[in-house]
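Just so you know, ligand 1 is whichever comes first in the structure, and atom 1 is the first atom listed for that ligand.
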Amino acid sequence: MSLDLGVLISGRGSNLGAILDAIGDGRLDARVRLVVSNRADAGGLDRAARAGVPTRVLSHRDHADRPSYDAALVAALREAGAHFVALAGFMRLLGPTFLDAFPHRVLNIHPSLLPAFPGVDAQAQALAYGSRVTGCTVHLVDAGTDTGPIVAQAAVPILPGDDHDALAARVLAREHDLLVRALEWFAEGRVEVTPAADPGGRARVVVRGAHTWFGLAGGVD
Ligand code: GAR
């Protein structure tokens, strides 16, 4: 089953680039139907245009509240024929108006091992905390901030002397691989979502026949 993807971005768009590269070289059976940015200056818009992918800028500032902004996003994605959504560095929260339109079909990449360091600048949070290991998480999006059911995680070491940029670059390299792999699993129909058993419980994701965690490449020093 080929994925009809909508990709939401706010910035550079390197994860979007990884998706487009994977489609281009035949690894990922998908088409990006639309890239939406909430910022007109997002570098990812150029990356999409170079790949011949339609783009839209929809600013939250042009909408009175979250439901009306979410409705505009849904309308744009539906019009473009997108049935599955990847958040690739999209820095806005999505509410029920959006999530109910794509049930269990909104995937986010986050630069930490959730539930550690949700929200903004997870790499800075990990450095400030003094963590020795961080990583990245691909998860389905629910109503909370970075709280949805986990699909896959990869661990990344924090090395002595790391600054923000060094750590962010090391995490980003793993993000690209993890996000593409997760999308491949959805495209292959291997992902099963079990809704939460009781109110306040957590939904679970099972990926048939896949390795969904990736450990540290290095050893103990
Ligand atoms: C990535 O590190 C992504 O994980 C992060 O923004 C960056 C976007 O980079 N997303 C979040 O922090 C979401 N909470 P990119 O524009 O080069 O893909």
Side-chain angles (χ1 to χ4, degrees), residues 5-24 28 30 32 34-51 53 55-60 66 69-70 73 85-95 98-99 106-129 131 133-158 162-183 213-214:
L5 277 179
V7 183
L8 306 192
I9 63 169
S10 297
R12 170 183 56 188
S14 70
N15 278 289
L16 166 67
I19 293 170
L20 292 170
D21 288 346
I23 293 171
L28 175 59
V32 179
L34 183 67
V35 170
V36 181
S37 173
N38 65 313
R39 300 179 52 120
D41 61 355
L45 291 168
D46 294 335
R47 178 68 185 80
R50 282 204 304 281
V53 169
T55 61
R56 296 271 301 264
V57 176
L58 291 174
S59 173
H60 49 282
R66 195 183 307 284
Y69 182 57
D70 282 5
L73 290 172
V85 180
L87 308 185
F90 185 65
M91 304 309 272
R92 306 290 311 168
L93 292 179
L94 296 166
F98 189 93
L99 297 175
V106 183
L107 204 62
N108 183 44
I109 176 82
H110 182 78
S112 74
L113 290 176
L114 290 170
F117 313 131
V120 175
D121 208 341
Q123 302 92 335
Q125 294 183 57
L127 282 170
Y129 198 86
S131 294
V133 175
T134 186
C136 51
T137 302
V138 172
H139 65 95
L140 286 172
V141 177
D142 68 6
T145 302
D146 302 319
T147 52
I150 288 171
V151 177
Q153 292 186 303
V156 174
I158 300 177
D162 267 355
D163 61 9
H164 180 275
D165 288 355
L167 178 59
R170 193 177 306 122
V171 173
L172 195 65
R174 300 303 295 272
E175 290 185 39
H176 295 164
D177 182 48
L178 201 70
L179 180 58
V180 167
R181 277 181 201 247
L183 288 168
W213 63 270
F214 301 88

Practice problem: Could you list the residues that satisfy ring pair (Phe, Tyr, Trp, His ring centres under 6.0 Å) with F90, not counting sequence neighbours? | Solution: none
Practice problem: Look only at the side chain of Q125 and the backbone of V120, and say whether a donor-acceptor pair between them is shorter than 3.5 Å. | Solution: yes
Self-check item: Donor-acceptor contact present, side-chain D70 to main-chain L94, <3.5 Å
Solution: no
Quiz item: Among all protein non-hydrogen atoms, which one is nearest to atom 15 (P) of ligand 1, and what is the separation to 0.1 Å?
Solution: S14 N, 3.4 Å
Self-check item: Top protein contact for atom 2 (O) of ligand 1, by heavy-atom distance
Solution: E175 OE2, 2.8 Å
Quiz item: Which residue supplies the protein heavy atom nearest to atom 9 (O) of ligand 1, what is that atom called, and how far is it?
Solution: R12 NH2, 3.0 Å
Counting only pairs under 3.5 Å, give me each side-chain donor-acceptor contact of residues 11-24, with atom names and distances, residues two or more places apart or in other chains.
from	atom 1	to	atom 2	distance (Å)
S14	OG	H176	NE2	2.8
N15	ND2	E175	OE1	3.1
D21	OD1	R47	NH2	2.7

Practice problem: Would you please determine whether I9 falls within less than 4.0 Å of ligand 1 on a heavy-atom basis? | Solution: no
Quiz item: So, Q123 side chain and D165 main chain: donor-acceptor pair closer than 3.5 Å or not?
Solution: no
Exercise. Among all protein heavy atoms, pick the one closest to atom 13 (C) of ligand 1 and tell me residue, atom and distance.
Key: M91 SD, 3.7 Å
Quiz item: Do L8 and F98 have side chains that get closer than 4.5 Å, going by heavy atoms?
Solution: yes
Self-check item: A122 near ligand 1 by a heavy-atom separation under 4.0 Å
Solution: no
Quiz item: Which protein non-hydrogen atom lies closest to atom 5 (C) of ligand 1, naming both residue and atom, and how far is it?
Solution: P111 CD, 3.9 Å
Self-check item: Note, L5 side chain near L183 side chain (heavy atom, < 4.5 Å)
Solution: yes
Self-check item: Numbered atoms and elements of ligand 1 in range of G89, under 4.0 angstrom, heavy atoms
Solution: 6 (O), 8 (C), 10 (N)
Self-check item: Heavy atom of the protein closest to atom 16 (O) of ligand 1 (residue, atom name, distance)
Solution: G13 N, 2.7 Å
Self-check item: Top protein contact for atom 14 (N) of ligand 1, by heavy-atom distance
Solution: H110 ND1, 3.2 Å
